[in-house]
Amino acid sequence: MNPRSVKSWIPRLTPGGLVVLVIVLGFSFVATVLIPGLEIAGELVESTVALKFVSEQQRYPTIIRATLDSLHDRLSTRAYIQESVDQVRDAASKLDKALPVMNAARPANWFALTGDTGAVAESIAGKHAAALGDLWTREHEALKPVLGYGGVPYDDNESTGTVLNESGRQLERDVTAAIRASRHSLPLLDAELTAIAADLQSNNAQAARQLRLVMLGGLAIAAVLVALVITLLGARQRQDESLRQARQQTTDILRTVKDGLFLLDRDLVVGSAYSAALETLFQRKDIAGLAFESLLKNIVSEKTLATALKFVAILWSERTNEKLVKSINPLGEVEVHLDVGHGRFETRYLQFEFHRVRVDGKITHVLVSVSDVSARVDLARELQASQSQAQAQVDTLLGILHIDPVQLGSFLNDSNAAMKMINAVLREPAREEGVFRKKLDTLFRQAHSVKGEAAALGLSSIESRAHSFEEDLKSLREKPDLSGNDFLPLVIKLDDLLTHLHSVGELVSRLSSLQPATSEVHHTSTDVIASEVSVTDKSDSGLAAALQQLAARIATENNKEATLLCVGFDTVPEDYRRTIKDIAIQAVRNAIVHGIEPASVRRAAGKLEQGLVRLTFQPLGDAGYKFTVEDDGQGLATDRIKEVALKKGFITAEQAATLDAKQTYSLLFKPGFSTVEHATKDAGRGVGMNLVADLMNQVGGRVGVATARGRFTRLTVTLPFSPKRADDTAAAYG
C-alpha cells in the first residue's frame with residue numbers, strides 16, 4: 001500500500017470509520033494467527049497427554065515379567081506368594097483397561113483416563129491396534145491360571161516340613177508356562193508401546209514447528225498493525241490541531257466570564273473547556289480532565305463530598321425532576337478551605353448550580369456554575385451575630401432582674417477576684433512539669449468556683465463560658481507533657497469570659513441608673529458594684545434560695561427528685577461567706593449527682609421518692625464553726641473509690657490493699673479524681689472536692705466524711721473562729 005495514498009484517505013475517515021478499520025484488522029489477526037495457534041497448541045497439549053499415558057503403560061509388561069520370576073522363586077523357597085500374585089493381577093488389570101481403549105478408532109476415551117480429551121494420534125489404531133491386541137491376548141491367556149489362583153500352595157508336615165500341595169504344584173507349572181510365554185510376547189508388547197511413544201513424540205515435534213511458524217507470522221502481522229496505527233495517529237494530528245484551535249477559541253470566550261463554568265460528563269469528569277474564573281475560585285490550574293470528586297476533596301468535609309456526589313449522580317436520571325432536585329442541592333452554599341501556599345489556608349463560601357445539557361433530547365453533560373458568595377455570607381453572619389448578641393444581652397438582663405442585687409454584686413466582685421487570680425497564674429513563668437500541673441489545679445478551682453456560683457444564680461451565659469474554659473483545662477490535664485505554649489489558647493477563653501462579665505456589670509449599672517431611689521435604705525446593684533457591701537443583718541443574702549434553685553435544676557437534669565433544706569445560714573460570719581458559699585454549691589452538686597438515687601431505685605429500697613439534702617451551719621462559740629452537708633442517698637462505696645483510683649493511677653494495687661476507710665475517702669479530695677465516667681457541667685471533672693480541700697487549707701479548717709451504704713453521706717467542715725493567714729500550716733483531713 002502506498003503511504004501517500006494512506007495519508008490521503010485516512011484523514012477523511014470519521015472516528016467511527018477509524019474504529020471499524022481497527023476492528024477489521026483485529027479480527028483478521030485473530031482469524032489468521034490466534035485461532036490456528038490455539039488449535040495447534042491444543043493438539044500439542046493432547047499429544048503430550050497421550051505420550052504421558054503411553055509411557056505409563058510401558059512399565060506394566062516389565063512389572064508382570066519381574067513379578068512372575070519373583071513368584072516362581074517364592075514357590076521354590078516356600079515363601080509368601082500373595083503379594084506377588086496381587087502385583088501380577090494389578091498390572092494385568094491396568095493393561096486390560098488401557099490396551100482396548102488405545103485400540104479404539106478415536107483415542108478420546110483413553111485421554112479420558114488421564115483427565116483430558118482430544119483427537120490426536122488417530123493413526124495409532126491403524127498401525128498398532130492388531131499387534132497390541134494379539135500380543136496381549138496371548139499373554140493374558142498364559143497369565144489366566146495365575147491370575148485366577150486363590151488357594152494355599154503349601155502343606156505343613158512334621159516329618160518333611162513345608163511342601164507344595166497339589167494346587168501349589170499346579171501353580172508352579174502355570175507360573176513356569178507364563179514365564180515361558182512372557183519371554184516371547186512381553187518384549188514384543190513393550191516394543192509396540194515404544195513405537196507408539198515414538199510416533200507421539202514425532203507428532204509433538206511437528207506441532208511445535210507449526211506453532212513456531214504461526215507465532216512468527218503473528219509477529220509479522222502485529223508489526224504491520226503497529227505501523228498502520230502509527231500512520232493513523234500521524235494522519236489524525238491535523239484533525240487534533242484543528243480541534244485544539246477550536247478549543248482555544250472557546251477558552252478565549254470563557255475567559256471573560258466572572259463565574260466558574262465547566263461541564264461534567266457521565267463519569268463526573270470536568271471537561272476541557274471551562275472559564276478562567278474557575279482557576280481563581282479553586283486556586284489550581286489542573287482542572288481540565290479532573291474528577292469532580294478530586295476537585296472538591298480536601299476543601300469540603302467528607303460528608304458534604306459524599307452527599308454532593310450522590311446529588312450529581314441523580315441529575316443523570318431522566319425520571320428525576322430537575323427543579324425538585326435543585327431544591328436539595330448540598331452545594332447551594334458550601335464552606336471551602338483553599339490552600340493558598342506557604343502552609344496557609346483561606347476560607348471561602350461557594351455557591352454551585354447544576355443544569356442539564358441535552359443533545360437530541362438526551363442528557364449529555366451537566367453544566368456547573370460556581371460563584372463566590374463569601375461577602376454575602378459574611379454579611380449575613382455579622383447580622384446574625386449582632387442579633388444573637390442582642391438576644392444574649394436581653395436574656396442576661398432578664399436573668400439579672402430576678403437576682404438579689406446584693407447577691408449579684410457579691411458574685412461579680414468574687415468573679416472579678418477569681419479572674420484576676422486566673423490571669424496571674426497564666427502570667428506566672430514556669431518550666432517544670434510539676435509547676436504546670438499545679439497551675440492547672442489552681443485554674444480548675446477558680447473556674448469551677450465561678451461556674452458553680454453562676455449556676456446557683458441562674459446565670460447560664462456565664463456558666464456556659466466557664467464550663468468551656470474548664471473543657472480546655474481538661475484537655476491540658478490529659479496531655480502527657482505540658483509546656484508554656486499549651487496555656488496560650490486559654491487566654492482567648494479568659495478574655496471572652498472577662499468581656500462577658502464586664503458586659504453583665506455594665507448592664508447592671510445601666511439598669512440601676514434607670515431605677516429611682518425610693519428610700520435611703522434601698523440597695524441597688526450599682527451600690528453593690530461601686531463599693532464592697534458589708535452584710536450586717538442576719539439574713540443569708542439569698543444564698544439559701546440560690547442553692548434551692550441550683551438543686552432543683554440539677555435534680556431535673558439528672559431525672560431525680562430532691563429537696564434542699566438550709567439551716568443556720570443567717571449565722572454565717574462575713575469572713576466565711578465566700579468559703580461557705582463555694583462549699584455549699586459543690587456539696588449540693590455532689591449530693592444530688594452522686595448521692596441521691598433515682599425515684600424508682602429509692603422506691604425499691606423503701607425510701608421516699610424525693611431525696612433530702614440538709615445543709616446546716618452551726619456556731620461553736622470560741623471553738624469556731626461547723627458546717628454539715630448530709631444526704632439520705634446511696635452512700636459511698638470504698639471498693640468503687642479504690643477501683644477508680646487504681647484505674648486513674650492515683651494509687652497502686654499494693655496501696656489499695658492497705659487503705660482503710662478514712663484513707664480511701666481522702667482520695668475524693670485529690671485533683672482530677674471523680675467516680676463519674678463521663679464529665680458533665682455538674683460533675684466528673686474531679687475539681688469540686690479538691691476545691692473544698694483547697695479552701696480548708698486557706699482558712700485552716702478540717703473536713704471529714706462519714707457514710708453508710710444505702711443510708712446517707714455526711715460531709716462535716718470544721719472552721720476556726722477566724723480564718724488563718726496564708727502562711728499558716730495547712731489543714732489535715734479527718
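Small disclaimer: the values here were computed from a predicted structure and weren't measured.
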Checklist entry - What heavy-atom pair brings Val152 and Ser167 nearest, and what distance separates the two atoms? => result O-OG, 3.2 Å
Checklist entry - Where do Tyr60 and Lys94 come nearest, in terms of heavy atoms and distance? => result OH-CD, 3.1 Å
Checklist entry - Do the non-hydrogen side-chain atoms of Lys310 and Pro330 ever get within less than 4.5 Å of each other? => result no
Next on the checklist: Rounded to the nearest 0.5 Å, what separates atom NE2 in His355 from atom CG in Leu315?
Outcome noted: 10.5 Å
Checklist entry - Measuring from Ile64:CD1 to Gln87:CD, what's the distance to the nearest 0.5 Å? => result 11.5 Å
Item to check | Neighbour count >12 (heavy atoms, 6.0 Å) for atom CD, Glu241 | outcome: yes
Checklist outcome for this item: Taken to the nearest 0.5 Å, the spacing of Asp265 CG from His365 NE2 works out to 5.5 Å
Item to check | Carboxylate-amine/guanidinium proximity below 4.0 Å for Asp86 and Arg89 | outcome: yes
Checklist entry - Does the pair Asp360/Lys362 count as a salt bridge with the N-to-O cut at 4.0 Å? => result no
Checklist entry - Where do Thr67 and Ser84 come nearest, in terms of heavy atoms and distance? => result CG2-O, 3.0 Å
Checklist entry - Do the charged groups of Glu172 and Arg169 touch, with an N to O distance under 4.0 Å? => result no
Item to check | Flag side-chain contact, heavy atom, 4.5 Å: Leu68 against Leu143 | outcome: yes
Next on the checklist: Using side-chain heavy atoms (C-beta onward) and a distance below 4.5 Å, is Leu296 in contact with Phe352?
Outcome noted: yes
Checklist entry - Minimum heavy-atom separation for Gly168 to Tyr149, with atom names? => result N-OH, 4.5 Å
Checklist entry - Can you find a heavy atom in the side chain of His594 that is under 4.5 Å from one in the side chain of Gln634? => result no
Item to check | Derivation and outcome, side chain to side chain contact (heavy atoms under 4.5 Å, CB included), residues Phe262 and Ile287 | outcome: CA-CA 9 Å; Phe262 62 91; Ile287 295 178; 5.7 Å; no
Checklist outcome for this item: All heavy atoms of His72 vs all of Val175, minimum pair found to be CB-CG1, 3.8 Å
Item to check | Close side-chain approach of Phe311 to Leu331, heavy-atom, < 4.5 Å | outcome: no
Next on the checklist: Show, in sequence, the C-alpha distance, side-chain angles and deciding distance for Ile641 and Phe650, and conclude whether the side chain to side chain contact (heavy atoms under 4.5 Å, CB included) test is met.
Outcome noted: CA-CA 11 Å; Ile641 296 173; Phe650 285 93; over 6 Å; no
Item to check | Pair Gln283-Asp339, side chain to side chain contact (heavy atoms under 4.5 Å, CB included): steps then yes or no | outcome: CA-CA 7 Å; Gln283 294 294 309; Asp339 186 358; over 6 Å; no
Next on the checklist: Under the rule for side-chain hydrogen bond (donor to acceptor under 3.5 Å, both in side chains), what residues qualify as partners of Arg603, not counting sequence neighbours?
Outcome noted: Glu609
Item to check | For the student: nearest non-hydrogen atoms of Thr364 and Trp316, plus distance | outcome: O-CH2, 3.2 Å
Checklist entry - Roughly how far apart are Gln663 CD and Thr658 OG1, rounded to 0.5 Å? => result 6.5 Å
Next on the checklist: Quick one about Arg209 and Gln206 (side-chain donor to acceptor, distance below 3.5 Å, no hydrogens or angles considered), yes or no?
Outcome noted: no
Item to check | Which residues share a side-chain hydrogen bond (donor to acceptor under 3.5 Å, both in side chains) with Thr162, sequence neighbours left out | outcome: Asp156
Checklist entry - Got Arg284 and Leu295 here, is their nearest side-chain heavy-atom distance under 4.5 Å? => result yes
Checklist entry - Do the side chain of Lys642 and the main chain of Leu659 share a donor and acceptor less than 3.5 angstrom apart? => result yes
Checklist outcome for this item: dist Leu367:CG -> Arg356:CZ (nearest 0.5 Å) comes out at 13.5 Å
Checklist entry - Going from NZ on Lys303 to OG1 on Thr307, what distance comes out if it is rounded to the nearest 0.5 angstrom? => result 7.0 Å
Next on the checklist: Is the shortest side-chain heavy-atom distance between Leu264 and Val269 below 4.5 Å?
Outcome noted: no
Item to check | Step-by-step side chain to side chain contact (heavy atoms under 4.5 Å, CB included) determination, Leu164 to Arg78 | outcome: CA-CA 8 Å; Leu164 290 170; Arg78 310 297 188 261; 3.8 Å; yes
